[in-house]
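A short worksheet on the structure shown next.
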Amino acid sequence: MYSVEVDRKWQQKWADMKLAAFNPKRLDKKLYVLEMFSYPSSAKLHVGHWFNYAPPDSWARMQKMRGYEVFQPIGFDAFGLPAENYAIKTGIHPEDSTLKNIDTMTKQLKTLGGMFNWDALLATCDPDYYRWNQWLFLQLYKHGLAYRKNAPVNWCPDCQTVLANEQVMDDGTCERCHTEVTKKSLTQWFFKITAYADELLEKLPALDWPEKTKKIQTNWIGRSEGADAVFAVELNGAPVLDEEKNPLALSVFTTRIDTLYGVTYLVIAPESPLLPLLTSEAQRASVEAYAEKTKKASEIARLAATREKTGVFTGAYAIHPLTQEKLPLWTADYVIASYGTGVVMAVPAHDTRDFEFAHTMNLPIKPVIEPSSGVDEPLPFVEYGTLKDSGPYTGLSSEEAIAALTRDLEAEGLGRKVVSYRLRDWLVSRQRYWGTPIPIVYCDHCGTVPLPESALPLTLPYDVAFSPDGVSPLAKSETFMNTECPVCGGPARRDPDTLDTFVCSSWYQFRFVDSQNKEAPFDTAKVNAMCPVDMYVGGQEHAAMHLLYARFITKALRDMKMLDFDEPFQALVHQGMILGSDGQKMSKSAGNTVSPDELVSQYGGDIFRLHLLFSFAYTEGGNWTDDGLLAVSRFISRIETLVQKAVSSRKTAAVPDKDLAYRVNYTILHATEDALKFQFNTTVARLMELLNHLQKATANSDSITENTYEAILTLLVLLAPFAPHFAEEMWEVTGHTTSIFAEAWPVHDEKALIRDEVEIAVQINGQIKTRLMIPRDIEEADLIEQIKEQDAYANWLAGRQPVKWIFVRGRLLNIVAK
RNA sequence: GCUCGUGUGGCGGAAUCGGCAGACGCAUCGGACUUAAAAUCCGACGGAUUAAACUCCGUGCCGGUUCGAGUCCGGCCACGAGCACCA
């Protein structure tokens with residue numbers, strides 16, 4: 001009887017025989033399979049973990065049997081907010097709870113029986129790991145890819161603390177006290193991911209990733225081509241001067257330079273540093289009040305508001321670069337400082353937002369584009385069309401005008417072609433304790449000083465008060481904060497923040513390859529040989545963040561000559577989500593959780609694994625159901641019965657059996673094809689079909705032919721990746737003394753798949769009339785004769801005449817009748 | 001609002017390049033075995049009209065292309081996801 005005891009037996013044997021070990025002598029056949037590592041939460045291993053790990057493990061096992069040298073490591077994404085919040089609530093230190101959770105989760109993961117390379121195990125909260133986060137930070141800093149600037153963070157004035165975006169409710173209030181969250185400026189560290197925006201976009205098509213995920217990244221990067229146009233600015237009739245006393249040139253970004261003659265005003269973002277310069281004394285009070293108001297409202301609150309357009313006149317005027325017309329300059333929060341130049345040229349006739357604003361503020365609206373169709377359209381007309389009232393450009397199409405105006409403005413020094421991105425640089429500072437300390441000190445004499453690599457790791461102090469009171473917990477640890485400047489030896493302060501945990505996960509796939517390295521994050525030659533990851537599996541929720549950051553860091557490391565390839569993950573699959581039986585996300589509060597531990601001890605891990613493989617489409621997921629558990633449980637015991645019967649039966653010589661050969665080879669072909677595509681449910685279905693046949697074939701006899709016996713062994717080999725412990729046990733029962741995973745994966749025989757007779761459908765005008773068994777290679781003419789001889793032939797035609805015969809070999813014959 | 005995805009029996013889900021819709025399984029019903037039940041095995045199982053179907057209808061809805069459409073095209077509807085004043 002298959003049970004969890006069988007699991008334990010084989011898990012021990014696999015450990016003893018080092019089944020999961022990677023043999024570096026077979027590098028040419030290497031296959032790096034990786035599932036996204038997990039956060040070691042205090043809750044038990046849940047169905048989602050199993051769904052993430054078990055099916056890809058089956059895939060990896062099959063690939064091993066197909067001759068690949070598989071490397072499948074496992075680790076823990078151990079830094080982060082939950083442990084810290086737990087600590088705030090219970091007083092248990094994040095390090096203590098995390099290490100304990102890692103211990104528990106490791107034990108649980110082992111019950112899964114994954115072919116994991118435990119030797120490569122890593123946890124990101126280990127100083128041996130995060131010292132290399134710090135090392136990475138220093139390299140990025142050295143290469144100008146890490147920099148510090150002032151940026152707004154979510155701030156709760158009541159709790160006096162910084163909040164992560166997830167801690168801000170939909171209505172813009174704090175999740176703890178429901179006070180309205182505001183923005184506060186802090187000087188923070190950024191990684192310059194925007195330097196790679198173009199490459200991140202360009203390398204996307206060649207990746208074997210889900211199209212949807214590529215689309216999400218494309219949108220996230222948000223490349224848009226347009227032009228900058230330069231406007232001079234006047235205040236009280238005199239040109240505005242910049243800091244160097246030169247006339248200020250106000251640059252705007254637009255994708256619709258063809259509407260340049262329709263500009264009736266300009267808008268500058270309230271957060272723009274240029275704003276004070278462009279404000280008249282008369283308007284200063286109201287502009288400052290407006291800017292202040294904008295700062296207070298969080299981004300989310302801005303969205304929640306009914307989006308009524310608000311804004312204030314600055315008192316300044318912009319000069320149209322071509323017509324020299326004076327255009328009022330407004331400030332309004334519908335313009336964002338961080339996109340484009342933070343200033344827009346407003347064309348109310350051809351932009352919905354400008355139209356609304358002009359309407360509210362009673363600003364002029366000047367149409368300069370008419371529909372090419374000649375049909376009148378209501379304003380705002382935002383599509384491409386034909387220019388009117390546009391000086392020398394009148395009559396051109398929008399496309400032509402964009403080219404002409406960009407060229408002409410550039411010639412005059414009044415503009416140029418520009419590409420803008422939605423992607424922002426990656427803010428990596430977190431005002432939190434449980435993370436990687438930033439390896440930088442601030443010295444009064446030397447300024448911002450990176451730690452020398454020899455000073456790493458800069459360890460996270462254990463004894464820290466991490467209660468939330470508005471300051472980074474590390475800032476309150478005087479022993480941590482006070483240090484010496486590595487340059488001048490004078491007193492200096494450390495950075496009180498820690499790094500975003502996405503830094504940890506942006507390069508862990510390389511550390512796995514060389515996880516014990518004490519000299520470097522990894523050995524370049526080893527990583528070049530083992531990477532990129534050949535198959536990466538994890539949730540789609542990481543489409544934009546983790547997967548983009550990891551791609552960026554890979555490119556940055558490549559440019560530092562640390563590795564020689566462009567992309568970290570060549571192929572990617574997202575598993576679906578397993579929901580509760582009620583269709584809701586599994587949660588303790590909903591009372592719809594399923595405990596893998598219990599099911600595994602009750603049924604055995606392979607039953608649980610098979611259920612996940614068989615009852616769900618892997619990339620879709622779905623609602624949990626116990627029903628399928630019974631189905632696969634039955635499947636397993638039927639195989640067990642069959643194997644026992646086969647073993648105890650008298651063997652007789654093989655007799656030619658074309659049907660059996662066809663079925664076996666059909667199963668090999670389709671089970672393999674489907675499993676390679678992560679379509680495990682149909683793989684299992686094909687195995688069930690073969691079992692059904694073998695069971696019937698052996699039902700009424702106490703002897704078994706040699707070829708039927710061989711077919712049963714083939715079924716076991718095909719089943720092995722999907723029910724590994726059980727298949728090993730059956731393999732042993734059939735007298736084998738070596739692991740079933742040492743067997744070669746069967747290859748189908750094309751010849752066996754050719755049948756002598758095939759069933760085809762006979763249709764009249766596409767409607768099925770009957771089905772016929774016919775010789776596979778029948779001549780079309782003979783088939784037509786045969787059909788004409790059918791008794792019902794005249795009835796089918798019902799007085800119509802056949803005008804055409806369409807024969808699709810092996811499938812159907814369709815008679816077109818009129 | 002924009003973009004993308006999905007929609008197939010009572011249920012989970014199959015269906016190659018446009019070629020027999022519903023594989024495989026669950027549930028249900030009937031039968032065998034049993035004193036009985038469970039387990040197991042055999043059979044039926046989209047709907048309708050039926051004596052029976054090789055009859056008619058049927059892949060969210062409406063239309064189109066085609067000898068032939070779950071699959072391709074156009075237009076809707078519903079659900080889900082991503083982005084969200086991005087100039």
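The chains referred to below are lettered A, B, ... by the order of the sequence lines, with proteins before strands, and numbering in each begins at 1. Please read these numbers as outputs of a predicted model, since none were measured by experiment.
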Q. Does the base of A23(B) carry an N or O that pairs as donor and acceptor with the side chain of Arg686(A) under 3.5 Å?
A. yes
Q | For Thr255(A) against Ser224(A), the heavy-atom pair lying closest together | A | CG2-OG, 3.8 Å
Q: Identify whether any heavy atom of Phe614(A) sits under 4.0 Å from a base atom; if not, whether one sits that close to sugar-phosphate; answer base, sugar-phosphate or nothing.
A: base
Q) Glycosidic conformation of G9(B), syn or anti, with 90° from 0 as the boundary? A) syn
**Q.** Nearest listed nucleotide, side chain of Ile806(A), among U40(B), A87(B), G19(B)
**A.** G19(B)
(Q) Considering every strand and a 4.0 Å limit on heavy-atom distances, what is the contact class for Gly583(A): base, sugar-phosphate, or nothing? (A) nothing
Q.
Within 90° of 0 counts as syn, otherwise anti: where does C17(B) fall?
A. syn
Q.
Taking donor-acceptor contacts at under 3.5 Å, does the side chain of Asn814(A) reach the base of C67(B)?
A. yes
Q. Using purine N1 to pyrimidine N3 plus N6-O4 or O6-N4 for Watson-Crick, or N1-O2 and O6-N3 for G-U wobble, each under 3.5 Å, what pairs with C41(B)?
A. G31(B)
(Q) Only pairs with both distances under 3.5 Å count, Watson-Crick or wobble alike; so what is the partner of U71(B) in this structure? (A) none
Q: Remember a base hit wins even if backbone is also touched, and classify Arg223(A) as base, sugar-phosphate or nothing at under 4.0 Å, heavy atoms.
A: nothing
Q | Listed nucleotide nearest any side-chain atom of Lys215(A), set C20(B), C4(B), C56(B) | A | C4(B)
Q: Quick one: look up who U3(B) pairs with, Watson-Crick or G-U, both distances under 3.5 Å, and put none if it's unpaired.
A: A81(B)
Q: Please determine, for the side chain of Gln679(A), which listed nucleotide (A87(B), A14(B), C26(B)) has the closest atom?
A: A14(B)
Q | Proximity to the side chain of Gln763(A) - top-ranked nucleotide from C67(B), G19(B), A27(B) | A | G19(B)
Q) Any donor-acceptor pair under 3.5 Å between the side chain of Arg811(A) and the base of C20(B)? A) no
Q | Which nucleotide in C26(B), C41(B), G19(B) has an atom nearest any side-chain atom of Gln695(A) | A | C41(B)
Q) Residues in side-chain hydrogen bond (donor to acceptor under 3.5 Å, both in side chains) with Thr213(A), at least two apart? A) His574(A)
Q) Is there a Watson-Crick or G-U wobble partner for C24(B) with both distances under 3.5 Å, and which nucleotide is it? A) G12(B)
Q) What pair of heavy atoms forms the shortest contact from Thr341(A) to Val252(A), and how long is it? A) OG1-CA, 3.4 Å
Q.
Taking the minimum atom-to-atom distance to the side chain of Trp796(A), which one of C67(B), C54(B), C85(B) wins?
A. C54(B)
Q: When you get a sec, tell me which of C20(B), G13(B), U3(B) is the closest nucleotide to the side chain of Ala617(A)?
A: G13(B)
Q. Mind checking who A48(B) pairs with, Watson-Crick or G-U wobble, both distances under 3.5 Å?
A. U55(B)
**Q.** Side chain Asp208(A), main chain Leu572(A), donor-acceptor under 3.5 Å
**A.** no
**Q.** Evaluation steps, side-chain contact (heavy atoms from CB on, under 4.5 Å), between Leu812(A) and Ile768(A)
**A.** CA-CA 9 Å; Leu812(A) 56 79; Ile768(A) 293 183; over 6 Å; no
Q: Check every atom of C41(B), A23(B), C54(B) against the side chain of Thr770(A) and return the nucleotide holding the closest atom.
A: C54(B)
(Q) Can you check the distance between G74(B) and U66(B), where both ends of the measurement are the C1' atom (answer in whole Å)? (A) 16 Å
Q) Reckon Thr625(A) touches a base, only the sugar-phosphate, or nothing at all at heavy-atom distances under 4.0 Å? A) nothing
Q. Could you give the CD-to-C1' distance, from Glu541(A) to G82(B), as a whole number of Å?
A. 13 Å
Q) Can you tell me if Lys214(A) uses its side chain to pair, donor with acceptor, with the backbone of Leu207(A) under 3.5 Å? A) yes
Q) Between A14(B), A87(B), U55(B), which nucleotide gets closest to the side-chain atoms of Thr682(A)? A) A14(B)
(Q) Looking only at the side chain of Arg422(A) (C-beta and beyond, no hydrogens), which of the listed nucleotides C24(B), A21(B), A84(B) gets closest? (A) A84(B)
